[in-house]
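Letters A, B, ... are given to chains in the order of the sequence lines, protein chains preceding strands, and every chain is numbered from 1. Here the structure is a predicted model, which means the values were calculated and not measured.
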Amino acid sequence: MRYQRPRGTQDILPDQMPEWLLAENTFRRLCHSFGYGEIRTPIFEDTDLFVRSVGEDTDIVSKEMYTFEDRGGRSLTLRPEGTAPVVRAFIEDNLQGPDRERIVKLCYIAPIFRYDRPQAGRYRQHHQAGVEALGSMAPGLDAEVIHLAMTLYTALGITKVSLLINSVGCPVCRPVYVVKLREFLAGSREELCDDCRRRYETNTLRVLDCKVESCRRLTDGAPKQVDELCDECAEHFAAVQEHLKVLGIGFELQPRIVRGLDYYTKTAFEFVSTGLGSQDAIGGGGRYDGLVEQCGGPPTPAVGLGIGLERVLLARRALGQAASQEPREGVFVVAVGDEAWLPAFALSGELRAAGITADLDYRRRSLRAQMRHADAAGFRWAAILGEEELAKGTVALRDLASGEQQELNRGDLVAHCRNADG
RNA sequence: GUGGGCGUAGCUCAACGGCCAGAGCACCGGACUGUGGCUCCGGGGGUUGGGGGUUCGAGUCCCCUCGCCCACCCCA
């Protein structure tokens, strides 16, 4: 029986690493320039953290979490989303300090686990790059995290991205809306599915994303949250849009997005790209003004963002963005004949110790084979060491791009290669 | 979770139920005995995802299983 990787997971192989590093490094660079500090939290947390923050009735909690009991009987869960762990750390590690007005800006790149049916762009382990800005209600911050994501997409060559935004209200206006929704559904209550009859009582909003066809029909004409916002939320939403316009970011109002996590308040947004089939959301997020307090911290408004890296890479490829080609680099040391082996080995060691990329052919193949490999593997130079060079204490250095070849004293090779860089 | 499609060489794919499962690319070697890319010639590579069944005979048909993919759904 041969082992297979678990369903819905993937190995990221060396030849895929360049595009991963490009995405990760670009994200880190952007976060730095936007003023976000990187944080790493554990890959698992108390199950309860996610149940209480994400919401018991959400798909994520009710059927997608990797939950297990450790040997001490604790219930732990593999991180199914990025925000709750950061919020937990924000509180536990007292990142805000004594200044309650202080804005704490954090970013992370982390694996995320959800038990879901795999599909292209949907995995049981995927990676998210995210940011969280905690401590302020300023609508400019909503626009800032959106701007950061947009800038990342642009930098990575993902040109066809649409931004969908919505406002899901707050503890003031949501209950008002919920009442309206209940009134709307009250008459047809008996026609709802079993789950929805329960949801109607406990978490009415969830009726809106029931999958049962009959329930969907019943909610089609339901009132919309955006139309029922309180003054504060309406004002905030307008201000966010104003800030986006100032940044030159186009958007589309979409009244039905982000209902997957209970903690969102006010702004909710999503980025969709073309060419990805049905898994087309390459990023999303929103404001969660009540979450920190709900997790046991001081009342702290916040806004955050998550970007699915696998989907970002898929979107790049769909748009024909090749992984940037590495420039020719380093020295392939070619040993001709047995006599030359040890000196060649020593020479490669010297180069490596000096920080210069170097390799040689442990199979001791023909000169031709070694030259072919040096070229195919993308080396900048071939340093040839044979009988002649051994006798003279030299090395023949061939530039593989131009074909120019010169003879150097062996002791000058490191300095020569180093000077040629740049 | 529901419905469907597909698994053959490292990769992309051929092969009516019938001879030793092939091709292109890649890889290796040679032509070129100390010089890469181009060309030509040659070569190595396969548990046909796995298991069972039908059949004189299975890559091909049937069942089970694993995986990938598509739509729904969900989201990143």
Side-chain angles (χ1 to χ4, degrees), chain A residues 1-10 13 15 23 54 58-64 79-83 109-130 149 153 164 195 209-213 215-216 256-261 268-273 276-286 304-315 328 332 334-337 340 361 363 365-390 396-405 407:
Chain A
M1 181 62 178
R2 289 181 59 167
Y3 289 109
Q4 288 178 302
R5 71 183 85 93
R7 186 171 191 206
T9 65
Q10 47 186 184
L13 302 175
D15 64 335
V54 175
T58 60
D59 281 0
I60 290 179
V61 170
S62 62
K63 51 192 189 198
E64 295 176 2
R79 168 175 50 218
E81 64 103 31
T83 300
I109 296 175
I112 303 283
F113 304 85
R114 283 182 210 166
Y115 188 90
D116 207 343
R117 181 125 169 202
Q119 207 173 315
R122 186 163 76 188
Y123 308 99
R124 290 184 173 180
Q125 174 178 350
H126 76 276
H127 298 81
Q128 276 187 32
Y153 299 140
L164 312 175
D195 281 342
D209 26 274
C210 182
K211 289 94 208 160
V212 178
E213 181 59 35
C215 296
R216 295 186 77 84
R256 274 186 90 102
I257 55 158
V258 186
R259 57 273 194 211
L261 297 101
F269 60 86
E270 198 168 296
F271 296 93
V272 297
S273 182
L276 294 186
S278 58
Q279 307 305 318
D280 62 352
I282 56 174
L305 156 79
I307 295 167
L309 291 179
E310 280 81 359
R311 288 186 187 173
V312 161
L313 297 183
L314 287 171
R328 285 190 169 273
F332 192 81
V334 177
V336 186
D361 179 20
R363 290 189 288 178
R365 291 184 297 172
S366 71
L367 171 61
R368 223 158 76 80
Q370 294 187 63
M371 289 301 291
R372 200 170 14 229
H373 175 78
D375 180 46
F379 284 92
R380 181 169 177 188
W381 293 289
I384 302 161
L385 208 51
E387 237 176 285
E388 285 174 32
E389 290 81 8
L390 280 178
L397 187 67
R398 185 178 182 86
D399 184 310
L400 290 171
S402 67
E404 284 167 32
Q405 189 165 323
E407 207 158 332

Mind checking what makes side-chain contact (heavy atoms from CB on, under 4.5 Å) contact with A/Ser278, not counting sequence neighbours?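 A/Ser278 satisfies side-chain contact (heavy atoms from CB on, under 4.5 Å) with A/Gln119 only.
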Could I get the full list of side-chain contact (heavy atoms from CB on, under 4.5 Å) partners for A/Ala376, not counting sequence neighbours?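 Counting only residues at least two positions away or on another chain, A/Ala376 forms no side-chain contact (heavy atoms from CB on, under 4.5 Å).
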Between [atom2] of [N] and [atom1] of [X], the distance in whole Å:
| X | N | atom1 | atom2 | result |
| --- | --- | --- | --- | --- |
| A/Ile112 | B/A76 | CD1 | P | 9 Å |
| A/Arg124 | B/G67 | CZ | P | 8 Å |
| A/Glu407 | B/G34 | CD | P | 17 Å |
| A/Phe269 | B/A76 | CZ | P | 10 Å |
| A/Ile384 | B/G36 | CD1 | P | 9 Å |
| A/Asp361 | B/G34 | CG | C1' | 15 Å |
| A/Leu397 | B/U35 | CG | C1' | 13 Å |
| A/Ile282 | B/C75 | CD1 | P | 17 Å |

Given RNA chain B, 5'-ward residue of the pair A/Leu309 and A/Tyr115, judged by closest heavy atom: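 Looking at the nearest nucleotide for each, A/Tyr115 comes out on the 5' side.
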Given that A/Glu64 and A/Glu388 both sit by RNA chain B, which one's nearest nucleotide is further toward the 5' end?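 The 5'-side residue here is A/Glu388.
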Would you indicate what A/Ala369 reaches in the nucleic acid, counting non-hydrogen atoms under 4.0 angstrom: base, sugar-phosphate, or nothing?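 Here A/Ala369 touches the backbone only, sparing every base.
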Examine distances only and state if a side-chain atom of [X] and a backbone atom of [Y] form a donor-acceptor pair shorter than 3.5 Å.
| X | Y | answer |
| --- | --- | --- |
| A/Arg311 | A/Gly121 | yes |
| A/Gln370 | A/Ala335 | yes |
| A/Gln125 | A/Gly8 | no |

Between [M] and [N] - [atom1] atom distance, rounded Å:
| N | M | atom1 | value |
| --- | --- | --- | --- |
| B/A9 | B/A26 | C1' | 11 Å |
| B/G5 | B/A23 | C1' | 25 Å |
| B/C72 | B/C13 | C1' | 31 Å |
| B/C16 | B/U60 | C1' | 10 Å |
| B/A14 | B/G22 | C1' | 7 Å |
| B/U12 | B/C20 | C1' | 24 Å |
| B/C62 | B/C68 | P | 23 Å |
| B/G67 | B/A58 | P | 28 Å |

Measure from the side chain of [X], starting at C-beta and using heavy atoms only, and say which of [options] lies closest.
| X | options | answer |
| --- | --- | --- |
| A/Ala120 | B/C74, B/G36, B/C70 | B/C70 |
| A/Asp375 | B/C74, B/G37, B/G29 | B/G37 |
| A/Arg328 | B/G36, B/C75, B/G30 | B/G36 |
| A/Ser366 | B/G30, B/G36, B/C73 | B/G30 |

With sequence neighbours excluded, what pairs up with A/Arg363 under the salt bridge (Lys or Arg N to Asp or Glu O under 4.0 Å) test? none
For A/Glu407, which residues count as a salt bridge (Lys or Arg N to Asp or Glu O under 4.0 Å) partner, sequence neighbours excluded?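 By the salt bridge (Lys or Arg N to Asp or Glu O under 4.0 Å) rule, A/Glu407 matches A/Lys392.
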Distance below 4.0 Å between [X] side-chain N/O and [N] OP1 or OP2:
| X | N | value |
| --- | --- | --- |
| A/Gln119 | B/C68 | no |
| A/Arg7 | B/C68 | yes |
| A/Ser278 | B/C72 | yes |
| A/Arg365 | B/C28 | yes |
| A/Arg122 | B/C70 | no |

Using a 4.0 Å heavy-atom cut-off to protein, can you give one letter per nucleotide of nucleotides 4-10 of chain B, 5' to 3': B if the base is in contact, S if only the sugar-phosphate is, - if neither? B------
Taking only residues two or more places apart in sequence or in another chain, which ones pass ring pair (Phe, Tyr, Trp, His ring centres under 6.0 Å) with [X]?
| X | value |
| --- | --- |
| A/His126 | none |
| A/Phe271 | A/Tyr153, A/Phe269 |
| A/Phe379 | A/Phe332 |

What are the two closest non-hydrogen atoms of A/Ile112 and A/Gly82, and how far apart are they? CD1-N, 3.9 Å
Ring centroids of A/His126 and B/A76 base under 5.5 Å with planes under 30°: yes
Who are the side-chain hydrogen bond (donor to acceptor under 3.5 Å, both in side chains) partners of A/Asp280, not counting sequence neighbours? none
For B/G34, does the base pair up with any side-chain atom of A/Gln405 as donor and acceptor (N or O, under 3.5 Å, distance only)?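 It does not, because no donor-acceptor pair links the side chain of A/Gln405 to the base of B/G34 below 3.5 Å.
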Can you pull every protein N or O that's under 3.5 Å from an N or O on nucleotides 39-44 of chain B?
none

RNA chain B in dot-bracket form (Watson-Crick or G-U pairs under 3.5 Å, [ ] crossing, | inter-strand) is (((((((..((((....[...)))).(((((.......))))).....(((((..]....))))))))))))....
Hey, could you give me each pair passing salt bridge (Lys or Arg N to Asp or Glu O under 4.0 Å) that has a residue in residues 109-127 of chain A? Not counting sequence neighbours.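 Of all non-adjacent pairs touching residues 109-127 of chain A, those that pass salt bridge (Lys or Arg N to Asp or Glu O under 4.0 Å) are A/Asp116-A/Arg122.
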Quick one: which of A/Leu314, A/Leu276, A/Leu309, A/Ile307 gives a side chain to side chain contact (heavy atoms under 4.5 Å, CB included) with A/Ile282?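 Going through the options one by one, the only one that passes is A/Leu276.
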